[in-house]
Amino acid sequence: MKFRKPRTKKTFEEFFKLNFDENNLWEYKADDVDMLAELVDIIRPKELKTVLSVDINPLLELLRDNERYSSGLAAYLKGILKNKKFSKILTDAGILTDADFFFEVKKRLFAKLIPDQPKKDTLEYVLNQVFFMKTDPEWISKIAYRQVEDLFELLNFRAIYISTAPRTPLAELLFAMEVTLHRIAGRALESEVIQMVPEYENLESPFLAIQKEFALITDKLLEERKNYISPGDLGYKQILILYKQCVDYVDTAFKNSAKYGISLRVNQSLLRIRQYLYRLKTLLPLLVLEKVEDAKRNTIYLAYDLIEYNCDKNNVRKLINESTQLLSYEVTQHTANTGESYITKSRNEYFRMFWKSAGGGVIVAFACIFKVLLSKIDTSAFGYAFLYSINYALAFIGIYLCGFSLATKQPAMTAAALVRALETGRKNKDVDEDEKHRAFAEFFARVFRSQFIAFVGNVIVAFPVALLGIWLIDIVFQYNIALTKWFKLVNDLSPIHSAAVFHAAIAGVFLFLSGIIAGSVANRDKHRNIYYRIQEHPLLKMSLGRVRTQKLSEWYEKKWAGIVSNFWFGVFMGSTGSIGMFLGLNLDIRHITFASGNLALGLYGANYNVSNAMLFWGIFGIGIIGLVNFLVSFGLSVGLAFRSRNIPLSELGLIARSIWKYFKHKPASFFFPSLKKS
């Protein structure tokens with residue numbers, strides 16, 4: 001079997017000898033960009049990561065030594081680039097086209113598979129064919145600027161300031177900036193955006209003002225036929241002031257999300273305005289010339305920008321990062337606020353957490369019994385999913401409304417509080433790094449012991465209450481409800497005889513999602529002014545009275561997000577097994593508190609006739625299930641919180657070392673509070 005040798009790149013000499021020798025083959029390819037793509041491919045490095053700089057001196061020397069090559073290449077490139085429209089790259093490439101986040105993601109993903117091919121009279125078509133790799137801007141930036149300048153001069157390129165006639169580079173630039181300003185103003189004047197910045201309600205919009213100033217500058221350029229403005233121009237200085245006001249407007253809107261909440265649509269609208277403002281920031285200086293040589297420099301920088309924008313236009317990762325950062329921050333802010341209540345400080349709070357967790361264990365024990373009873377109903381897989389989901393949801397909502405605690409719900413909340421504490425420490429410049437990490441380690445010890453006592457309270461109470469419940473049912477009704485199910489109840493807890501670890505990880509994911517739901521519901525209701533709307537509802541005030549309506553509004557604000565979160569957590573937990581059955585996959589959930597109750601039911605169902613090995617793996621499995629529940633939900637929540645606050649993951653190494661150091665110094669503090677009263 002013969003293997004084809006890998007294609008080797010031509011050298012510059014081979015390329016020019018083939019296309020620019022006496023036969024002038026390039027003239028037959030004058031309208032074809034493939035030849036330019038081949039030349040760029042010769043320059044493009046194979047291994048970009050190992051390349052510190054890209055040297056085009058061999059090309060420059062070849063063009064200097066052979067006038068036929070330089071004049072031929074110049075004629076070819078000018079023919080390819082002549083009258084090519086590029087304003088669409090400046091106004092559209094890499095900019096959100098719609099406030100619909102999911103539409104934008106789908107559009108960019110599809111464009112990655114089948115790239116959009118614009119008309120051949122546009123510069124975008126040329127760039128798509130020549131600079132089609134996303135890494136092209138990286139290696140282009142590694143070419144020494146002096147070499148690029150030499151190439152510009154060798155090919156006798158002209159600066160963009162020659163003319164403002166239609167389809168000239170300067171006309172395209174001015175048109176792109178005008179379109180950008182119109183789109184910024186249009187989006188900024190939407191009612192949903194305006195409501196985010198009530199501070200500007202009685203002030204003139206800076207977006208309309210900057211439009212007017214730019215129109216004056218454009219008229220000035222056309223009338224004076226100067227084709228550029230000086231840095232001291234009063235109109236230009238006024239534009240810079242208005243630009244700063246526009247940026248402040250958007251920053252204020254984002255900051256106000258903490259007060260008013262923010263929807264995904266408004267977030268996307270503000271992001272689009274910010275993207276356009278950043279684009280305008282790179283384009284405005286191109287109108288200014290202080291020295292003659294600046295004309296060449298600005299032209300080269302415009303070429304850099306066009307290549308970069310075009311290569312980056314379908315970047316999905318960047319879109320997701322920008323679009324979700326603020327929303328994830330708002331969500332984790334809510335979970336962090338909730339998480340603070342789960343972190344004990346004093347001995348009194350520590351033991352109060354135990355009793356709260358004990359209350360949660362009582363409700364879970366009854367939920368375990370009800371689930372066994374529901375399993376005896378003859379119904380479909382959907383029927384079981386519905387019944388189990390209602391059972392779980394009512395249990396979780398009951399725990400929440402009674403002020404009790406479910407240990408595994410805490411990691412998703414306390415993780416955000418931990419990261420917020422870390423962020424606060426990082427902002428404190430007066431304290432050295434070691435002291436910051438030590439303070440964080442001490443805070444982590446408080447979180448850990450709070451989780452520990454919550455686990456203890458849930459587990460040691462759920463077991464005896466479930467045992468008491470099944471015994472009473474047997475005494476009253478002469479019926480052992482777990483008689484036929486005891487083996488499954490106990491065996492499913494074993495980490496080696498079942499998929500308990502995997503199922504515990506699934507439960508951990510659901511715990512994380514329930515925290516996200518709580519934060520997103522709170523953020524949504526805040527943005528929609530739901531609390532105020534309930535408070536001032538005319539029908540409610542007439543029927544309940546103003547005081548009761550006010551109390552209802554306050555109750556809704558405090559409790560509704562948690563109720564919705566716990567309801568969906570119950571649905572996730574109750575429907576997983578049925579979904580697994582439908583898909584033919586081994587999907588189910590294992591939760592530490594329910595595991596404790598199920599072990600009690602299984603032991604009673606077997607009349608305590610269980611082997612020592614089975615009992616050992618059941619008890620050991622409860623601990624493993626709890627650990628996996630905690631690690632998965634806590635890990636996912638920490639990752640989201642780090643992401644929302646732009647804290648690098650490299651910080652985790654320093655944090656881990658400081659926690660370990662603190663643990664060696666005070667191991668007991670991770671499980672028990674200090675004996676000193678506080």
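Every value quoted in this text rests on a predicted model; they were computed, and no experiment measured them. Side-chain atoms are counted along with the backbone in the values below, which use heavy atoms only and exclude waters and symmetry mates.
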Exercise for the section: Please check if the side chain of S405 supplies one atom and the backbone of K356 the other of a donor-acceptor pair under 3.5 Å. Expected result: no
Practice task
Return the set of residues passing side chain to side chain contact (heavy atoms under 4.5 Å, CB included) with V362 (not counting sequence neighbours), or none when no residue passes.
Solution key: F366, V461, V465
Exercise for the section: Kindly say whether the aromatic ring centers of F594 and Y392 come within a distance under 6.0 Å. Expected result: yes
Exercise for the section: Over all heavy atoms of both residues, which pair between M581 and A381 is shortest? Give the atoms and the distance, please. Expected result: SD-CB, 4.2 Å
Practice task
Step through the shown structure and confirm whether more than 12 heavy atoms of other residues, nucleotides or ligands are within 6.0 Å of NZ on K488.
Solution key: no
Practice task
Count the heavy atoms belonging to other residues, nucleotides or ligands that lie under 6.0 Å from CH2 of W555, then report whether that count exceeds 12.
Solution key: yes
Handout entry: Contact check, side chains of L513 and F572, non-hydrogen atoms, under 4.5 Å
Key = yes
Handout entry: Smallest separation among heavy atoms of W617 and P495, with atom names
Key = O-CD, 3.8 Å
Problem - Euclidean distance, Y479 OH relative to I481 CD1, rounded to 0.5 Å - result: 7.5 Å
Exercise for the section: Look at the side chain of R449 and the backbone N and O of S669, then say whether any donor-acceptor pair between them is shorter than 3.5 Å. Expected result: yes
Practice task
Report, as yes or no, whether the 6.0 Å neighbourhood of atom OH on Y608 holds more than 12 heavy atoms from other residues, nucleotides or ligands.
Solution key: yes
Practice task
Any chance you could measure L373, atom CG, to C368, atom SG, to the nearest 0.5 Å?
Solution key: 11.5 Å
Handout entry: Any donor-acceptor pair under 3.5 Å from Y384 side chain to I377 backbone
Key = yes
Completion exercise
In this structure, CG of L615 is separated from CG of L493 (nearest 0.5 Å) by 10.5 Å
Exercise for the section: Check for a donor-acceptor pair, side chain of S269 on one end and backbone N or O of R265 on the other, with a separation under 3.5 Å. Expected result: yes
Exercise for the section: Rounded to the nearest 0.5 Å, what's the gap from OH on Y388 to OG on S375? Could you check? Expected result: 4.5 Å
Handout entry: Stepwise side-chain contact (heavy atoms from CB on, under 4.5 Å) test for V547 and K551
Key = CA-CA 6 Å; V547 175; K551 288 181 178 179; 4.0 Å; yes
Handout entry: Aromatic plane relationship, H591 with F396 - under 30° parallel, 30 to 60° tilted, over 60° perpendicular
Key = tilted
Exercise for the section: Taking the side chain as every heavy atom from C-beta outward, state whether F487 and M614 have any pair of such atoms under 4.5 Å apart. Expected result: yes
Exercise for the section: Give a yes or no answer on whether the side chain of S520 reaches the backbone of I517 with a donor-acceptor pair at less than 3.5 Å. Expected result: yes
Practice task
Report yes or no: is the cationic atom of K526 (NZ for Lys, CZ for Arg) under 6.0 Å from the centre of the six-membered ring of Y531, at an angle within 45° of the ring normal?
Solution key: no
Exercise for the section: Could you tell me whether the side chain of I453 reaches within less than 4.5 Å of the side chain of E349, counting heavy atoms only? Expected result: no
Handout entry: Within 6.0 angstrom of K559 NZ, more than 12 heavy atoms from elsewhere
Key = yes
Problem - Parallel, tilted or perpendicular, as decided by the 30° and 60° cut-offs, for the rings of F382 and F386 - result: parallel
Exercise for the section: Apply side-chain contact (heavy atoms from CB on, under 4.5 Å) to S553 and Y532, showing your working. Expected result: CA-CA 7 Å; S553 170; Y532 181 70; over 6 Å; no
Exercise for the section: Might you confirm whether atom CZ of F370 has over 12 heavy atoms from other residues, nucleotides or ligands at distances under 6.0 Å? Expected result: no
Problem - Heavy-atom check, side chain of F510 versus side chain of T576, under 4.5 Å - result: yes
Handout entry: Any donor-acceptor N/O pair, N256 side chain to M196 backbone, under 3.5 Å
Key = yes
Handout entry: N629 side chain vs I592 backbone, donor-acceptor pair below 3.5 Å
Key = yes
Exercise for the section: Please identify each residue that fulfils side chain to side chain contact (heavy atoms under 4.5 Å, CB included) with F452, with sequence neighbours left out. Expected result: Y350, V456, F671, F672
Completion exercise
Residues D492 and A500: closest non-hydrogen pair is O-CB, 3.5 Å
Problem - Check: F455 and F630 side chains under 4.5 Å, non-hydrogen atoms - result: yes
Practice task
Over all heavy atoms of both residues, which pair between N391 and A367 is shortest? Give the atoms and the distance, please.
Solution key: ND2-O, 3.0 Å
Handout entry: Heavy-atom check, side chain of D525 versus side chain of Y556, under 4.5 Å
Key = yes
Handout entry: Check: N566 side chain, G562 main-chain N or O, donor-acceptor pair, under 3.5 Å
Key = yes
Fill in the blank from the handout: Distance col, row I470:CD1 vs W486:CH2, nearest 0.5 angstrom, shows 13.0 Å
Practice task
Compare every heavy atom of A600 with every heavy atom of F463, then report the nearest pair and how far apart it is.
Solution key: O-CB, 3.3 Å
Problem - Derivation and outcome, side-chain contact (heavy atoms from CB on, under 4.5 Å), residues H503 and I589 - result: CA-CA 4 Å; H503 295 159; I589 52 91; 5.5 Å; no
Problem - N480 side-chain N/O to Y604 backbone N/O, donor-acceptor pair under 3.5 Å - result: yes
Fill in the blank from the handout: In this structure, OG of S578 is separated from CZ of F582 (nearest 0.5 Å) by 11.0 Å
Exercise for the section: State, with a plain yes or no, whether a side-chain heavy atom of V364 is found less than 4.5 Å away from one of I399. Expected result: yes
Handout entry: Nearest heavy-atom neighbours spanning S514 and F569
Key = CB-CB, 3.9 Å
Practice task
Over 60° means perpendicular and under 30° means parallel, so classify the ring planes of F670 and Y662, tilted if in between.
Solution key: tilted
Fill in the blank from the handout: When T379, I390, L387 are each screened for side-chain contact (heavy atoms from CB on, under 4.5 Å) with L374, the one that passes is L387
Completion exercise
Exactly one candidate in L489, V610, I622 meets side-chain contact (heavy atoms from CB on, under 4.5 Å) with L599; the answer is I622
Exercise for the section: Would you indicate whether the side-chain heavy atoms of F254 and L271 approach each other to under 4.5 Å? Expected result: yes
Practice task
Mind running side-chain contact (heavy atoms from CB on, under 4.5 Å) on I530 and R533 for me, showing each step along the way?
Solution key: CA-CA 5 Å; I530 299 295; R533 287 155 77 171; 4.0 Å; yes
